[in-house]
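Data block below; observations after.
These figures come from a predicted structure and were not determined experimentally.
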Amino acid sequence: ERPWKPEMGANIRDLLFENYDNGFVLYELQEKIQRDLERWEPRATIENVLVEPNEKDLELNIGIQYKIKSITEEDRTETVSIKISMERIR
């Protein structure tokens with residue numbers, strides 16, 4: 001999410017307090033993240049988005065795997081993985 005661009009972002013904060021027992025919420029969040037990354041970051045090819053709840057610590061673990069799109073044919077790209085944790089603080 002970015003200031004002055006309210007349409008940008010997957011609105012993850014709204015789903016932090018949802019019931020994760022229902023797999024639909026996790027699937028919806030995963031789809032939102034992938035859709036927004038594909039829309040707002042054209043320089044990357046999204047390979048995988050994984051959302052896992054950690055109910056013990058009341059947090060969501062989000063993993064994203066992507067490749068930077070090559071500019072020329074000689075460019076070699078590797079898959080990059082990042083992990084993000086979001087926790088409920090209330």
Identify whether Ile68 and Ile64 are in the same connected component of the hydrophobic contact network (ILVMFWY, side-chain heavy atoms under 4.5 Å).
yes
Can you tell me if Lys69 uses its side chain to pair, donor with acceptor, with the backbone of Pro42 under 3.5 Å?
yes
Flag, side chain of Gln30 to backbone of Val49, donor-acceptor distance under 3.5 Å:
yes
Distance, nearest 0.5 Å, that separates CG of Leu26 from CD of Glu52:
9.0 Å
First locate atom CD1 of Ile33, then atom CD1 of Ile46, and finally report the distance between them rounded to the nearest 0.5 Å.
10.5 Å
Minimal heavy-atom distance between Leu60 and Pro53, with the atoms involved, is CD2-CA, 4.0 Å
Check: Gln34/Glu38 side-chain N/O donor and acceptor closer than 3.5 Å
yes
